[in-house]
There are 2 protein chains.
Amino acid sequence: MVAGGSLREVSRRAVQSRIARTAESLFADKGFEETTVDEIAAAVGMSQRSFFRYFASKDEVVFEGLERLSEQLATRLAARPLEEPEWDSLRRSFDPVAERFADPEHREHDAAIQRIIDRSPRLLAAYLCRLERLQRALTEALLARAVRRSECGTDEVVVRAMVGGACACLHAATLHAAEDPEAFGRGLDRAMTALRPAA
Amino acid sequence: MVAGGSLREVSRRAVQSRIARTAESLFADKGFEETTVDEIAAAVGMSQRSFFRYFASKDEVVFEGLERLSEQLATRLAARPLEEPEWDSLRRSFDPVAERFADPEHREHDAAIQRIIDRSPRLLAAYLCRLERLQRALTEALLARAVRRSECGTDEVVVRAMVGGACACLHAATLHAAEDPEAFGRGLDRAMTALRPAA
DNA sequence: TCCTCAAGTGTCAGCGACTGTCAATCATTG
DNA sequence: CAATGATTGACAGTCGCTGACACTTGAGGA
């Protein structure tokens, strides 16, 4: 577990976020598909080849921040108390997302990114892929918890479905928040209350 | 609403499924990413350009059948009785999927396709995209139903989340069925029973 | 001080998905 | 038979992305 990273990694991160900022403004202006990697690289002042040394693909630029948030959720879930009902643990692990929506500055930025994603089928696909990966991570966390509680009879399908259901609530609230950003938290709570499993 | 389509469309469909069959066997042999469109076209006996006249992208070949199944689910849901609880309607609209898993011939074919999808990140993304589209369609169907029952107070976020939860059950059962195809139906029922909303 | 080594970069060449264009072909219809 | 419209192949081009190689630069040791 490395916290900050070496000096080299820090400067690498700095370049990455410079690229990301530049690219995002281009995407917002012209759209994702209409912006070529060459243009981004030129705007940053580097060759196309170097762009691909910082990001494995054009898609990744957009999801730079989301990746970190996603990891945060998984570690949060793992840190919840063992006795807490799983549904509540899932809800609590979503808190960082709600906090981002509460902070106006982050909200503005995230909304811009979401607009970019919604307008590009390719990006939507990539986004859903990340969501799927998040679900796998959350499922593993819950399964590991079940083991630690020495519940041998845990039904993997049910856990997977429950995580999927919770993430569906998150996704639905996010879509809803596209129209009314303030309503994210309330929407999420309504959805998760309505879908709460009986057990 | 056209049922069969004109003679031209029928022959077009025939060519499409010939391409699809050829492509699938190539994918199964060498993998999706490792098979070029040129190879597929050559194997079918046409130019690459013509391939793209039948399929908008290389991805689409794989999802030819799934698309139809998806439409089937949406129309099924719309046809369920108004009084039926939404969760039950969703479960019933999934019946065609269960039936496919029950039929050994279809199951074999679908399992092959699923293996292809699972081995390619790009295809997984495309698959999740279709699932998302299915969710949109199902959500619309349920919302339309609420209108017909003249329930004005329907919470769109909750409906969206509920559909998402049901589809999460479907997805979880599908993943589970990758290991044990016979267990699809049981897995789906366990998941949907466990996640059934209280209301 | 000079040499060396490693990291970062630019250039170039190439692959594969996909698109636009145009001319040739083929079947249909009058 | 001639005109028309749909289908096709051939070709050229764009864009995302990768591999190979040469160059620069800055840090550290001889």
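Because the structure is a prediction, the values reported are computed rather than measured.
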Could you state the CZ-P distance from B:Arg53 to C:dG20, rounded to the nearest angstrom?
-> 11 Å
Looking only at side chains, do A:Arg149 and A:Thr154 share a donor and an acceptor under 3.5 Å apart?
-> no
Mind calculating the distance between CG (B:Asp59) and P (C:dG16) to the nearest angstrom?
-> 17 Å
Rounded to the nearest 0.5 Å, the CD1 atom of A:Ile19 sits from the CD atom of A:Glu60 at a distance of 11.5 Å
Can you sort out the partners of B:Pro104 under side chain to side chain contact (heavy atoms under 4.5 Å, CB included), two or more places apart, ordered by chain and number?
-> B:Arg107
Measure across A:Glu33 and A:Pro121 and return the closest heavy-atom pair with its distance rounded to 0.1 Å.
-> OE2-CD, 3.6 Å
If we ignore angles and hydrogens, is there a donor and acceptor under 3.5 Å between the side chains of B:Glu99 and B:His106?
-> no
What is the distance from CZ of A:Phe52 to C1' of C:dG8, rounded to the nearest Å?
-> 17 Å
Contacts of type ring pair (Phe, Tyr, Trp, His ring centres under 6.0 Å), residue A:Phe184, not counting sequence neighbours | A:Phe101
Whole angstrom value for the distance that separates C1' of D:dG16 from CD of A:Glu60 | 14 Å
Phosphate OP1/OP2 of D:dT8 contacted by B:Tyr54 side-chain N/O (<4.0 Å) = yes
The correct set of residues in residues 32-51 of chain A placing a heavy atom under 4.0 Å from DNA chain D is A:Thr35, A:Thr36, A:Val37, A:Gln48, A:Arg49
